[in-house]
Amino acid sequence: YKRQKEDGSWESKIDDGGVFATTGLATLAFLGAGYRVDSLHKYAKTIQKSISYLVTHTPEGVVDAKGIRAPMYSQAIMTLALVEAYNAGGAPIREHVEKCVSTVIKAQSSVGGWRYGLNPGDADMSVTGWAFMSLKSATYADISNKAQVKESLDKAVEYVKSETNDEWGFCYKKSGGYEGSYLAPSVGITCLTFTGNKTFKYIGTAIDYITPKFGAILQEDPSAYVNYISSYYIMYYVSMGSFQYGGKFWEKWNQHLRTTLPKNQQDDGSFSGNFKDEPNFNTCFAVLSLEVYYRYLPVYSLVKTGEKAK
């Protein structure tokens, strides 16, 4: 919390998501540790300031895309953070959450996924993962546009099921991009297990593909990412997906995670990584990866096979 700026935000040097994404991730990290907005604790003002920043800087529930290469990342992550703040944190922001969720739904492409821009276009698995999680969280919220959330999420499930291949399980885009990266398989596992589709055949293919690479992902081996996709980003999705999937997949990942991740933590509490000039980014993903154990956030709720998120 020492890195939070006076206005409630956290600095970001990554143009894909910008300050809204980093502030959203940081907010999720505090909420994921069980800290509420409406309770007295050491980080109460920290969380209140971050939520205030996100709300006041998006009066219509839409991020300012200026200077951000991929504003949909910011929109989806901010929406996820605010929905969880409303769901589990006690933040009185129902109307604003509805606006943010509507923006995500309106940005969905005709194929069911999401891409960089705030207007519907094509889609990729990376951006879709964040939009998917924001809507999954919204299924637990007391909001007026819940029916639209369900319809959008159902379309997103079909999109994820369409981005498959026999080698990696799930691909970034069938038209190409980031071939062999562990990101798309981990996103696919997460999205489908979080919506009760654990038995979808390509999940097994994805698990078989990434399980032998656990050590490489956690040790920041260059082979663990493509074109500077952060290993911490991949770690986050593998942690969520494996925990939700359970069994040996989770047991093996958890063994690697709990023995390797602490070695990357610096004396000041931050985590080192391949984005060395972005400690806020790395640290948020490291903390969120560890917080799947706690299940304080509704988005982490376990969903049984065949059960749909409520």
Side-chain angles (χ1 to χ4, degrees), residues 1-68 70-101 103-104 130-131 133-134 137-138 140-141 143 232-233 236 268-271 275 278-292 294 296-300:
Y1 84 110
K2 294 179 181 178
R3 289 181 176 269
Q4 187 181 37
K5 297 170 68 175
E6 185 59 34
D7 64 1
S9 67
W10 276 266
E11 182 182 10
S12 175
K13 298 177 182 177
I14 299 175
D15 62 359
D16 276 8
V19 65
F20 293 104
T22 304
T23 302
L25 290 171
T27 303
L28 284 167
F30 284 103
L31 294 170
Y35 295 108
R36 290 178 59 88
V37 181
D38 57 358
S39 301
L40 294 175
H41 52 79
K42 178 180 179 180
Y43 305 112
K45 288 186 178 180
T46 301
I47 302 173
Q48 291 164 7
K49 285 171 63 178
S50 68
I51 293 172
S52 176
Y53 178 88
L54 294 174
V55 171
T56 57
H57 285 77
T58 57
E60 299 304 317
V62 184
V63 299
D64 181 359
K66 184 178 179 180
I68 303 176
M72 194 59 216
Y73 277 120
S74 293
Q75 181 68 41
I77 294 171
M78 177 194 71
T79 300
L80 174 58
L82 292 179
V83 174
E84 292 296 90
Y86 173 61
N87 277 342
I93 53 172
R94 183 176 190 260
E95 183 178 346
H96 199 79
V97 164
E98 291 172 345
K99 290 179 180 178
C100 293
V101 169
T103 300
V104 173
W130 287 109
M133 295 306 295
S134 71
S137 177
Y140 296 100
I143 53 178
Y232 283 96
Y233 181 16
Y236 169 69
D268 65 355
S270 65
F271 284 82
F275 281 127
E278 191 56 76
N280 292 340
F281 181 89
N282 293 329
T283 302
C284 286
F285 279 127
V287 172
L288 288 167
S289 296
L290 294 171
E291 287 175 349
V292 297
Y294 300 159
Y296 284 126
L297 298 182
V299 75
Y300 289 157

Spacing of [atom1] belonging to [X] relative to [atom2] belonging to [Y], to within rounding of 0.5 Å:
| X | Y | atom1 | atom2 | value |
| --- | --- | --- | --- | --- |
| I51 | F30 | CD1 | CZ | 11.5 Å |
| F271 | C284 | CZ | SG | 11.0 Å |
| T103 | M72 | OG1 | CE | 8.0 Å |
| L25 | M78 | CG | CE | 12.5 Å |
| Y73 | W130 | OH | CH2 | 9.5 Å |
| I93 | K99 | CD1 | NZ | 12.0 Å |

Item checked: By salt bridge (Lys or Arg N to Asp or Glu O under 4.0 Å) - contacts of D38 (at least two apart) ->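 D38 satisfies salt bridge (Lys or Arg N to Asp or Glu O under 4.0 Å) with R36 once adjacent residues are dropped.
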Check: [X] side chain, [Y] main-chain N or O, donor-acceptor pair, under 3.5 Å:
| X | Y | answer |
| --- | --- | --- |
| N280 | W10 | no |
| S52 | Q48 | no |
| T58 | L54 | yes |
| S134 | A131 | yes |

Check: Should H41 and I47 be marked as a side chain to side chain contact (heavy atoms under 4.5 Å, CB included) after you check the CA-CA gap, both sets of side-chain angles, and the distance that decides it?
Finding: CA-CA 10 Å; H41 52 79; I47 302 173; 3.8 Å; yes
Where do [X] and [Y] come nearest, in terms of heavy atoms and distance?
| X | Y | value |
| --- | --- | --- |
| Y53 | G8 | CB-C, 4.2 Å |
| L82 | C100 | CD1-SG, 3.9 Å |
| A81 | G24 | CB-O, 3.5 Å |
| S137 | N87 | O-ND2, 3.1 Å |
| K5 | E11 | CD-N, 4.1 Å |
| S270 | T283 | CA-OG1, 3.3 Å |

Next item on the list: Begin from the C-alpha positions of V104 and Q75 and carry the test side chain to side chain contact (heavy atoms under 4.5 Å, CB included) through to its verdict.
Entry: CA-CA 7 Å; V104 173; Q75 181 68 41; 4.1 Å; yes
Next item on the list: Please work out whether the ring planes of F285 and F281 are parallel, tilted or perpendicular, with thresholds of 30° and 60°.
Entry: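 Answer is perpendicular, since the angle exceeds 60°.
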Check: Tell me, do E84 and T27 make a side-chain contact under 4.5 Å, heavy atoms counted?
Finding: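 No; the side chains remain at least 4.5 Å from each other.
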